[in-house]
Amino acid sequence: MATGQKLMRAIRVFEFGGPEVLKFQSDIAVPIPKDHQKGDRVFTTGTISGGYAEFAVAADDTVYTLPEKLDFKQGAALGVPYFTAYRALLHSARVKAGESVLVHGASGGVGLAACQIARAYGLKVLGTAGTEEGKNIVLRNGAHEVFNHREVNYIDKIKKSVGEKGIDIIIEMLANVNLSNDLNLLSYGGRVIIVGSRGPIEINPRDTMAKESSIIGVALYSSTKEEFRQFAAALQAGMEVGWLKPVIGSQYRLENAVQAHENIIHSSGATGKMILLIS
């Protein structure tokens with residue numbers, strides 16, 4: 001390492017494994033932006049040098065202007081959650097105003113983003129959460145109605161709320177638990193959009209046949225550069241108008257990244273977007 005080079009604190013990973021492989025180091029060289037790597041007030045959907053650090057570089061086609069009305073904590077909660085939610089709703093589900101959407105697991109970063117976007121685009125928004133605090137946050141961020149997915153009979157309550165027609169779109173955060181129930185909640189031509197899953201699940205394929213329903217997976221980084229630009233234009237309009245407001249959840253100092261990951265793995269639910277603080 002060259003003498004006199006500016007150093008930073010960062011998390012480095014040298015092997016595959018659990019949260020214990022996240023190593024906090026305080027002698028990492030600050031990356032120097034090159035051509036097409038900006039130094040402006042921005043947020044990003046992906047970095048070149050790694051985001052668990054005090055400084056990072058990113059290609060200019062992955063960074064977007066962060067409006068003054070949003071602080072850097074909110075900026076840290078924008079990239080992956082909102083772009084994923086937008087892709088799920090507008091690209092994968094091809095939602096239309098007037099349709100109904102259930103965000104199954106709505107109190108986390110992607111779930112709240114989906115609620116805000118769906119409400120702004122004219123959908124009837126239902127959500128689930130596992131705590132009263134989570135339910136209240138979901139209601140404040142676009143949902144018309146929220147159900148507690150820890151209640152034994154919450155599926156029956158959803159069915160009663162939506163009636164015989166069913167739900168047009170379900171944004172699913174935990175498919176390995178909920179997919180079978182999702183298929184029974186759908187309307188004719190309904191679609192389940194899988195954003196998250198932590199394992200396998202057995203379903204009856206016949207549940208898709210009578211309703212001609214669809215199960216569609218979402219992977220944000222399957223998006224083309226042009227799609228990222230489209231998503232960004234829509235989301236930046238939401239920031240300007242004011243309906244896009246990231247909700248910050250748990251906050252951890254950078255050196256506590258291991259604990260943050262442990263809590264993600266073992267927590268029973270999320271409330272807002274977890275972020276790392278560098279100071």
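Residues: numbered from 1 along the sequence shown.
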Notebook entry, point to check: Can you list the residues that meet the side chain to side chain donor-acceptor pair (under 3.5 Å) rule with Lys225, with sequence neighbours excluded?
Noted result: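 If we apply the side chain to side chain donor-acceptor pair (under 3.5 Å) test to Lys225, skipping adjacent residues, the hits are Asp61.
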Note to self: Could you work out, with side chain to side chain donor-acceptor pair (under 3.5 Å) as the rule, every residue matching Glu164, not counting sequence neighbours?
What the structure shows: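 Glu164: no side chain to side chain donor-acceptor pair (under 3.5 Å) contacts found.
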Note to self: Does the plane of the ring in Tyr86 sit parallel, tilted or perpendicular to the ring in Phe231? Use 30° and 60° as the thresholds.
What the structure shows: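 Plane angle between 30° and 60°, so tilted.
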Check: Given the rule in the side-chain hydrogen bond (donor to acceptor under 3.5 Å, both in side chains) test, do Gln74 and Lys273 qualify, once you have shown the distances and angles that lead to the verdict?
Finding: CA-CA 9 Å; Gln74 291 173 306; Lys273 179 67 174 74; over 6 Å; no
Margin query: For Lys124, is there an ion pair with Glu99 - N to carboxylate O distance below 4.0 angstrom?
Written below: no
Notebook entry, point to check: What residues join Val177 in its hydrophobic cluster, counting side-chain heavy atom gaps under 4.5 Å, either direct or through other members?
Noted result: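 Answer for Val177: Leu174.
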Next item on the list: Output the rest of the hydrophobic cluster of Phe16: all Ile, Leu, Val, Met, Phe, Trp and Tyr residues reachable through side-chain heavy-atom contacts under 4.5 Å, sorted by chain and number.
Entry: none
Check: Does any pair with a residue in residues 193-214 pass salt bridge (charged side-chain N to carboxylate O under 4.0 Å, His left out), and if so which ones, sequence neighbours excluded?
Finding: none
Checklist line | Backbone of Leu66 reached by a side-chain donor or acceptor of Arg41 within 3.5 Å | finding: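 Such a contact is found between Arg41 side chain and Leu66 backbone.
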Could you pull out all donor-acceptor pairs under 3.5 Å where a side-chain atom in residues 18-25 meets a protein atom, sequence neighbours excluded?
| from | atom 1 | to | atom 2 | distance (Å) |
| --- | --- | --- | --- | --- |
| Glu20 | OE2 | Gly18 | N | 3.3 |
| Lys23 | NZ | Glu20 | O | 3.1 |

Checklist line | Heavy-atom pair of closest approach, residues Ala85 and Val110 | finding: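 In this case the closest contact between Ala85 and Val110 is CB-O, 3.9 Å.
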Notebook entry, point to check: Between Gln259 and Asn263, is any side-chain donor less than 3.5 angstrom from a side-chain acceptor?
Noted result: yes
Check: Under 3.5 Å, is there a donor-acceptor pair linking the side chains of Ser223 and Arg87?
Finding: yes
Item checked: 4.5 Å side-chain heavy-atom contact, Val13 and Glu15 ->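 No, their side chains stay 4.5 Å or more apart.
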Note to self: Tell me if the aromatic rings of Phe83 and Tyr64 count as close, with their centers under 6.0 Å from one another.
What the structure shows: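 Yes: the rings meet the under 6.0 Å criterion.
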Check: Between His104 and Tyr154, is the ring centre distance below 6.0 Å?
Finding: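 Yes - the distance between ring centres of His104 and Tyr154 falls below the 6.0 Å cut-off.
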